[in-house]
Amino acid sequence: MTRPIDGTDFASAAMMRLVAAGLSRQGISVPVPTSATAHVPLASKRDVLSEVLARHGPLAILSIADAAPSMAPEPVVQALTHAKDMPDLMDRWHRLERFSHGRHRVAVEHLGADSLRLTHQARDSGPPPSLAESLLVLGLLAVLSEMVGSAAVTLTDATGAVWRSHGKWHCPDLKQGVGSVILTAMGKAKAAAEMATGPDPDPVSSLRKRLVADPVRRWTVAGLAAETGASPRTLQRRLTERSVSFSRLVTEARVEVAATHLCKANGRGLAEIGFIAGFADQAHFARTFSRAVGTTPSGYRANFGQ
């Protein structure tokens, strides 16, 4: 769940679009309030989930997440599913939580290279999430793990009962509530980076395109070098030869993504744009964008937005 930020609540709106798609996919007829803008009232979300849980049971809530792979392009989902593996996915999820200022959070305990204990809980001393809210979030994380390229994803509860395996849901026994769940996802290798067939006439432009394609990733010199098939030292040399620093390249890519979204008449809030452009939080977004462009994100939108 999320609280409005400057009149917006993008995580809730994005989630409600998923809820609407997921219920439609199951043939469940429950009115779902959606919005072309960033904000959907928190109470509306809770009412819909409570009604679905009461009428159709926990399996219907978990199955909502199955709509994620076939939804129309959703910038928040795209930003999450660009993750290279499960730990990267959870890192992105936590950054999304910071942007949305949610009342709840997913606590993560690493149990091994491919296994995590997830607990959907209240942030600080606030009210705990409802059963339906926890089912929705934990179910979505399982499906997102499959979408980022993990194989053999399983979701089990503290008793060892299987909730999801081989891409299918199993009705959970919720007599003890949700508590913590164990998400296991055996990673499979990503496709090898495209190998250059000859000297790149504009390597900086090529690197920037890679950063623009996935600005939410926590890019490092080593990570970017691995994507291009070069060594970190070679990558640094190419940048130095053109008087460009790695940090400047990353910043320019994120500002470019943000500016593109600010110019579009899509109703997205500044918090959503800041997240999908890869900034750490709203303050980081406003500060970096203003320094690079000479005006605030809101000022840029006012002057150049459609």
* Provide the full list of side chain to side chain donor-acceptor pair (under 3.5 Å) pairs with a residue in residues 50-62, sequence neighbours left out, each pair given once. => Glu51-Arg55

Indicate yes or no for a side-chain donor-acceptor contact from [X] to the backbone of [Y] under 3.5 Å, with no hydrogens or angles considered.
X: His104; Y: Pro127; answer: yes
X: Asp91; Y: Pro87; answer: no
X: Ser63; Y: Leu59; answer: yes
X: Glu109; Y: Leu116; answer: no
X: Ser24; Y: Ala20; answer: no
X: Arg164; Y: Gly167; answer: yes

* Below 4.5 Å, heavy atoms only, C-beta onward: do Ser298 and Leu270 meet side chain to side chain? -> yes

* Do Val108 and Trp93 have side-chain heavy atoms sitting under 4.5 Å apart? -> no

* Asked: Partners of His110 by ring pair (Phe, Tyr, Trp, His ring centres under 6.0 Å), sequence neighbours excluded?
  -> none

* Structure fact -> Those residues at least two apart in sequence (or on a different chain) that pass ring pair (Phe, Tyr, Trp, His ring centres under 6.0 Å) with Phe246 are none

* Can you tell me if Trp169 and Asp66 form a side-chain donor-acceptor pair at under 3.5 Å? ->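 Their side chains do contain a donor-acceptor pair, which is all the 3.5 Å distance test asks for.
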
* Structure fact -> Sequence neighbours excluded, the answer for side-chain hydrogen bond (donor to acceptor under 3.5 Å, both in side chains) partners of Thr220 is none

* To do: Could you list the residues that satisfy side-chain hydrogen bond (donor to acceptor under 3.5 Å, both in side chains) with Arg254, not counting sequence neighbours?
  =>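 For Arg254 there are no side-chain hydrogen bond (donor to acceptor under 3.5 Å, both in side chains) partners, ignoring immediate neighbours.
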
* Structure fact -> Heavy atoms of Val52 and Ala60 approach each other most closely as CG1-CB, 4.0 Å

* Can you list the residues that meet the salt bridge (Lys or Arg N to Asp or Glu O under 4.0 Å) rule with Arg287, with sequence neighbours excluded? -> none

* Calculate, to the nearest 0.5 Å, the distance between atoms CZ and CG belonging to Arg208 and Leu224 respectively. =>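 Atom-to-atom, Arg208:CZ and Leu224:CG are 11.5 Å apart.
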
